[in-house]
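Take a look at the structure set out below.
Because only heavy atoms are used, hydrogens play no part in the values below, and waters and symmetry mates are left out as well, while side chains stay in. By convention here, the first residue in the shown sequence is residue 1.
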Amino acid sequence: MKTVKTLMGGLLLCGLALVSHGQQVCSAAFLDNKMVVDEYTPKGKCSLSLTARGELTVATAELSSNESKAVDIVPFKIAIRDENTRTLTMYSGDDFRKIEIQKVLAKCKKGDSIVLLTLEKQYALPHNEILIK
């Protein structure tokens, strides 16, 4: 039942993105092909340990009741939000299609957030902020 609710919430979220922003495609952050958000619903949360390892990507998402799968890689930029000042700082001026998460985490501390920005308006990325635990 929880899986059905999660899937329905994800479809609702994608539907709202389509209606409110035109022809947007739903996407998500993935770490080693596993979606970072705990549930693809408006209540979903993204978090990673400071010791996480793997390859971070942003991709269009195929959602089903069994799994969430990355489909097409989407280019993105990375910023880091400081926990104390809430200041956003660009991680790099580069555009990324993938990056080892340890490289980004090396510039973070516990409580900071990694903020992912899509480069094209057509991609909706509702869960774009990853809390570092």
Side-chain angles (χ1 to χ4, degrees):
M1 186 66 171
K2 182 180 179 191
T3 306
V4 172
K5 284 183 181 178
T6 300
L7 179 60
M8 292 305 292
L11 292 174
L12 175 65
L13 193 63
C14 286
L16 289 174
L18 287 171
V19 170
S20 64
H21 297 291
Q23 298 289 340
Q24 287 194 316
V25 178
C26 293
S27 59
F30 290 84
L31 188 62
D32 283 344
N33 294 315
K34 183 177 183 279
M35 199 161 36
V36 176
V37 67
D38 59 0
E39 61 180 63
Y40 203 94
T41 69
K43 296 180 182 179
K45 303 283 185 213
C46 297
S47 63
L48 289 174
S49 164
L50 198 53
T51 60
R53 300 227 181 275
E55 189 173 78
L56 178 68
T57 58
V58 172
T60 57
E62 183 178 296
L63 304 171
S64 74
S65 58
N66 302 4
E67 66 181 337
S68 303
K69 190 168 84 173
V71 180
D72 294 318
I73 300 295
V74 174
F76 62 98
K77 287 193 178 285
I78 302 169
I80 298 170
R81 183 183 307 280
D82 181 88
E83 176 191 28
N84 298 322
T85 66
R86 307 295 294 159
T87 301
L88 271 173
T89 305
M90 288 299 294
Y91 168 78
S92 166
D94 296 335
D95 298 346
F96 297 96
R97 295 181 66 76
K98 61 183 176 180
I99 187 169
E100 287 298 320
I101 193 65
Q102 273 305 122
K103 291 180 179 179
V104 181
L105 291 172
K107 294 191 175 188
C108 297
K109 63 184 182 315
K110 188 176 178 179
D112 288 350
S113 294
I114 297 170
V115 180
L116 305 173
L117 301 103
T118 59
L119 304 180
E120 298 176 32
K121 215 174 180 180
Q122 74 187 53
Y123 298 107
L125 184 58
H127 303 101
N128 61 1
E129 194 160 338
I130 305 168
L131 177 65
I132 306 306
K133 293 183 172 181

Set of salt bridge (charged side-chain N to carboxylate O under 4.0 Å, His left out) partners for [X], sequence neighbours left out:
X    : result
K107 : none
D82  : K109
D95  : K77

Say you draw a straight line from [atom1] of [X] to [atom2] of [Y]; how long is it, rounded to the nearest 0.5 Å?
X    : Y    : atom1 : atom2 : result
L56  : K98  : CG    : NZ    : 12.0 Å
M35  : L63  : CE    : CG    : 5.5 Å
I130 : D112 : CD1   : CG    : 13.0 Å
Y123 : L116 : OH    : CG    : 15.0 Å
S27  : F76  : OG    : CZ    : 10.5 Å
I80  : L88  : CD1   : CG    : 10.0 Å

With sequence neighbours excluded, what pairs up with [X] under the side-chain contact (heavy atoms from CB on, under 4.5 Å) test?
X    : answer
S92  : D94, F96
A59  : F30, A70, I73
K45  : D38
K103 : Y91, I99, E100

Might you point out which heavy atoms bring [X] and [Y] nearest each other, and give the distance in Å?
X    : Y    : value
H127 : C46  : CB-SG, 3.6 Å
C108 : I114 : SG-CG1, 4.0 Å
A52  : L31  : CB-CD2, 4.3 Å

Could you tell me which residues satisfy side-chain hydrogen bond (donor to acceptor under 3.5 Å, both in side chains) with [X], sequence neighbours excluded, listed by chain and number?
X   : result
S49 : T51
R53 : Q102
S68 : none
N84 : none

Quiz prompt | Pairs flagged by salt bridge (Lys or Arg N to Asp or Glu O under 4.0 Å) wherever residues 124-133 is involved - sequence neighbours left out | solution =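 Output for this query lists R81-E129.
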
Quiz item: Hey, quick one: are V115 and L125 part of the same hydrophobic cluster, counting side-chain heavy atoms closer than 4.5 Å, chains of contacts allowed?
Solution: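 Cluster IDs for V115 and L125 differ.
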
Quiz item: Side-chain heavy atoms under 4.5 angstrom apart, residues restricted to Ile, Leu, Val, Met, Phe, Trp, Tyr: same cluster for V36 and V25?
Solution: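 In one cluster with V36: V25, yes.
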
Self-check item: Worked check of side chain to side chain contact (heavy atoms under 4.5 Å, CB included) between V74 and T60
Solution: CA-CA 7 Å; V74 174; T60 57; 4.2 Å; yes

